[in-house]
Amino acid sequence: MSDLHIRCATLSDIDTVLQFWREAAEGTSISDDHDGVARLITRDPEALLLAEHDGNLTGTVIAGFDGWRCSAYRLAVHSDHRRQGIATALLEAAEQRFGALGGRRVDAMVLEANEQAHHTWAATGYHREDHWRRWVKLLQAPAGKLVSSQD
């Protein structure tokens with residue numbers, strides 16, 4: 001898609017991004033609220049990448065780097081714009097960011113049940129590592145937010 005524009009999110013994008021995730025992303029996260037996304041953008045202004053086409057948000061990926069590990073989260077493309085290379089373009093932008101920061105390997109969080117995403121990740125050169133498991137502990141749920149084991 002030649003007229004695709006990828007840029008870093010700003011604080012003014014938060015409400016649009018949250019609405020987009022409700023429509024296009026698979027699953028939810030405990031951090032899917034205004035404060036969570038604001039913390040991300042404030043701490044690392046280049047981490048949340050947005051893909052836009054004709055001024056409309058069509059895709060996202062969080063390209064987080066903590067100095068040790070590169071992590072990809074929230075790769076999402078709106079259903080009306082899938083299979084047009086947007087996910088690939090977002091991952092290429094994330095990988096360029098990681099490379100510039102000295103990253104060596106990308107870890108991606110992908111829901112087990114989201115088989116469509118498995119195909120997307122595999123098509124872009126990623127593979128599943130079954131010998132690792134994610135261990136989690138919830139520190140605190142935001143006031144009024146229900147927390148599930150999928151968060």
Side-chain angles (χ1 to χ4, degrees), residues 1 4-53 56-79 81-82 84-129 132-142 145 147-151:
M1 182 178 286
L4 185 70
H5 175 69
I6 296 179
R7 67 176 179 87
C8 300
T10 66
L11 292 173
S12 65
D13 293 312
I14 294 173
D15 292 333
T16 301
V17 167
L18 290 169
Q19 179 61 38
F20 177 82
W21 285 343
R22 282 190 287 277
E23 296 171 9
E26 188 75 24
T28 60
S29 167
I30 194 170
S31 299
D32 285 359
D33 58 25
H34 195 278
D35 289 342
V37 179
R39 268 190 305 279
L40 170 67
I41 293 171
T42 301
R43 183 181 180 282
D44 188 351
E46 296 178 353
L48 177 52
L49 301 175
L50 307 180
E52 296 175 325
H53 176 19
N56 295 311
L57 182 58
T58 58
T60 67
V61 69
I62 298 173
F65 182 63
D66 61 9
W68 178 263
R69 204 174 303 301
C70 305
S71 299
Y73 305 96
R74 278 294 185 230
L75 177 63
V77 175
H78 194 279
S79 60
H81 298 277
R82 291 184 181 151
Q84 298 176 24
I86 295 171
T88 299
L90 282 163
L91 289 174
E92 287 174 358
E95 291 166 10
Q96 287 175 2
R97 176 174 198 260
F98 294 145
L101 293 170
R104 298 179 181 177
R105 184 184 85 174
V106 182
D107 291 335
M109 300 299 297
V110 183
L111 289 172
E112 280 294 315
N114 189 353
E115 292 193 20
Q116 184 177 2
H118 299 180
H119 297 291
T120 300
W121 286 99
T124 54
Y126 289 77
H127 66 277
R128 178 181 168 144
E129 287 189 336
W132 295 103
R133 289 289 182 248
R134 178 179 176 195
W135 292 40
V136 299
K137 176 182 178 181
L138 297 177
L139 298 177
Q140 179 179 6
K145 181 167 177 135
V147 178
S148 74
S149 61
Q150 293 180 350
D151 286 338

>> Enumerate the salt bridge (Lys or Arg N to Asp or Glu O under 4.0 Å) contacts for residues 61-73, please, sequence neighbours excluded, ordered by first and then second residue.
In response: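 Counting only pairs at least two positions apart or across chains, the salt bridge (Lys or Arg N to Asp or Glu O under 4.0 Å) contacts touching residues 61-73 are Arg69-Asp107.
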To the nearest 0.5 Å, what is the distance between [atom1] on [X] and [atom2] on [Y]?
X: Leu11; Y: His34; atom1: CG; atom2: NE2; result: 7.5 Å
X: Leu50; Y: Asn56; atom1: CG; atom2: CG; result: 12.5 Å
X: Ser29; Y: Ile62; atom1: OG; atom2: CD1; result: 7.5 Å
X: Leu91; Y: Ile86; atom1: CG; atom2: CD1; result: 12.0 Å
X: Gln19; Y: Ile14; atom1: CD; atom2: CD1; result: 14.5 Å
X: Thr58; Y: Leu4; atom1: OG1; atom2: CG; result: 5.0 Å

Measure across [X] and [Y] and return the closest heavy-atom pair with its distance rounded to 0.1 Å.
X: Gly59; Y: Leu90; value: C-CD1, 3.6 Å
X: Phe98; Y: Gly64; value: CE2-O, 3.3 Å
X: Arg104; Y: Cys70; value: N-SG, 4.2 Å
X: Ala63; Y: Ala94; value: CB-CB, 3.6 Å
X: Val106; Y: Ala72; value: CG1-CB, 4.0 Å
X: Thr42; Y: Pro45; value: O-CD, 4.1 Å

> Between His81 and His53, how do the two ring planes meet: parallel, tilted or perpendicular, split at 30° and 60°?
Replying inline: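 Perpendicular: the ring planes of His81 and His53 meet at over 60°.
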Quick one, [X] and [Y] - any side-chain contact, counting heavy atoms below 4.5 Å?
X: Arg7; Y: Asp13; answer: yes
X: Leu49; Y: Cys8; answer: yes
X: Val37; Y: Trp21; answer: yes

> Would you call Arg22-Asp32 a salt bridge at under 4.0 Å N-O?
Replying inline: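 Salt bridge absent between Arg22 and Asp32.
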> Do Gln96 and Glu92 have side-chain atoms, one donor and one acceptor, less than 3.5 Å apart?
Replying inline: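 No, Glu92 and Gln96 have no side-chain donor paired with an acceptor closer than 3.5 Å.
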> Residues two or more places apart in sequence or in another chain: which of them pass side chain to side chain contact (heavy atoms under 4.5 Å, CB included) with Thr16?
Replying inline: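 For Thr16 the side chain to side chain contact (heavy atoms under 4.5 Å, CB included) partners, ignoring immediate neighbours, are Leu57.
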> Does any N or O in the side chain of Thr60 come within less than 3.5 Å of the main-chain N or O of Arg74, such that one atom is a donor and the other an acceptor?
Replying inline: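 Yes; judged by distance alone, with no hydrogens or angles, the pair exists.
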>> Can you tell me if Arg105 has over 12 outside heavy atoms packed within less than 6.0 Å of its CZ?
In response: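 Enclosed: over 12 neighbouring heavy atoms sit under 6.0 Å from CZ of Arg105.
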